[in-house]
Amino acid sequence: MTRAVLALGSNLGDQELNLRKALDGLDEYLVEVSGTYWTPPWGDPDQPEYLNAVVLVEGDVTAGGWLELAHGLEQAGGRVRDPERRFGPRTLDVDVIAVWDGDEQVVQDDPVLTLPHPRAHLRAFVLVPLAEIAPEVELAGHGAITELLKTDEVAADVPNVRPGPPLR
């Protein structure tokens, strides 16, 4: 049995519907769902703003299995990967942020899946909703969510994370 933090985001099409469909696809695993947040795009500013949320999931799924599930949700949501725009717009983005196998956080540096997510500790659009549903979480190698929110880079971005519509 593993637990995972997944980050959901959408900035194309009906963003609320895209996130709701992702939740439907995760229904059997859902433990907790954050509120949604509007945020500016990260890494590629020439695109619409994102609607983001974070979920806590649990199931008899490996770390790689969570990634496969995430990719399946993205594909079902109509995501098309553009190799020219790594951080470009998307109907649905599902990132595996962290995974725990029992009480141990999975730490791996693999070309397919790096855990914890290598940039999560820098992204207010992940940390703000995660703090809402699991403020006690720590990202291995980076520290507690509540402390990461206070770092200069993240704290400067927190005002850009604005509450969005409820998903549930």
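- At most 12 heavy atoms of other shown residues, nucleotides or ligands fall within 6.0 angstrom of atom CG in D60.
- The hydrophobic cluster containing V126 does not contain L122, counting ILVMFWY residues as joined when their side-chain heavy atoms lie under 4.5 angstrom apart, directly or transitively.
- Here the side chain of E32 pairs no donor or acceptor atom with the backbone of A134 at under 3.5 angstrom.
- Residues satisfying the ring-ring contact (aromatic ring centres under 6.0 Å, His included) criterion with Y37, sequence neighbours excluded, are absent altogether.
- When side chains are defined from C-beta on, L51 counts as touching P165, because their heavy atoms get closer than 4.5 Å.
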Query - side chain to side chain contact (heavy atoms under 4.5 Å, CB included) between T91 and K21, intermediate numbers included - result: CA-CA 11 Å; T91 55; K21 286 181 178 179; over 6 Å; no
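- The distance from atom CZ of R119 to atom CD1 of I97, rounded to the nearest 0.5 Å, is 9.5 Å.
- P40 and N160 make their closest contact through CD-O, 3.4 Å (heavy atoms, listed as atom of the first residue, atom of the second, distance).
- Counting heavy atoms from C-beta on, the side chains of L149 and I145 come closer than 4.5 Å.
- Distance check: L115 CG to W100 CH2 gives 9.5 Å after rounding to the nearest 0.5 Å.
- Cluster annotation: V158 is connected to I133 through the hydrophobic network of ILVMFWY side chains, with a link wherever side-chain heavy atoms come within less than 4.5 Å.
- Each of W38 and L12 belongs to its own hydrophobic cluster when Ile, Leu, Val, Met, Phe, Trp and Tyr are linked at side-chain heavy-atom distances under 4.5 angstrom.
- Atom CG of D152 sits in a sparse spot, with 12 or fewer heavy atoms from other residues, nucleotides or ligands closer than 6.0 Å.
- Nearest approach of Q15 to N11, heavy atoms of both residues: NE2-CA, 3.0 Å.
- Within 6.0 Å of CD on E136 lie more than 12 heavy atoms contributed by other residues, nucleotides or ligands.
- To the nearest 0.5 Å, the span separating CG on L92 from NE2 on H71 amounts to 11.0 Å.
- Within the 4.5 Å cutoff, the side chain of E74 has no heavy atoms near those of the R90 side chain.
- Under the 4.5 Å side-chain heavy-atom criterion for grouping Ile, Leu, Val, Met, Phe, Trp and Tyr, V54 is connected to V31 within one hydrophobic cluster.
- With sequence neighbours excluded, the residues satisfying ring-ring contact (aromatic ring centres under 6.0 Å, His included) with H121 are H142.
- A donor-acceptor contact shorter than 3.5 Å is absent between the side chain of T2 and the backbone of T62.
- Side-chain atoms of Q105 never come within 3.5 Å of backbone atoms of P116 as a donor-acceptor pair (strictly under, hydrogens ignored).
- Of all heavy-atom pairs spanning G59 and W66, the tightest one is N-CZ2, 3.7 Å.
- For the atom pair CG of L8 and CG of L167, the computed distance is 8.5 Å after rounding to the nearest 0.5 Å.
- Distance check: L30 CG to D24 CG gives 9.0 Å after rounding to the nearest 0.5 Å.
- No close placement of the W42 and Y50 rings is indicated, their centers lying 6.0 Å or farther apart.
- Of all heavy-atom pairs spanning A63 and Q108, the tightest one is CB-OE1, 4.5 Å.
- Taking the side chain to side chain contact (heavy atoms under 4.5 Å, CB included) definition, one finds that P135 meets it with T146, sequence neighbours left out.
- Note: D101 CG to R3 CZ = 12.5 Å, rounded to the nearest 0.5 Å.
- Residues L69 and V112 fall within the same hydrophobic cluster, defined by Ile, Leu, Val, Met, Phe, Trp and Tyr side chains chained together at heavy-atom separations under 4.5 Å.
- In terms of heavy-atom proximity, A124 sits nearest to D157 at CB-OD2, 3.8 Å.
- Across G35 and E132, no two heavy atoms sit closer than the pair N-OE2, 2.8 Å.
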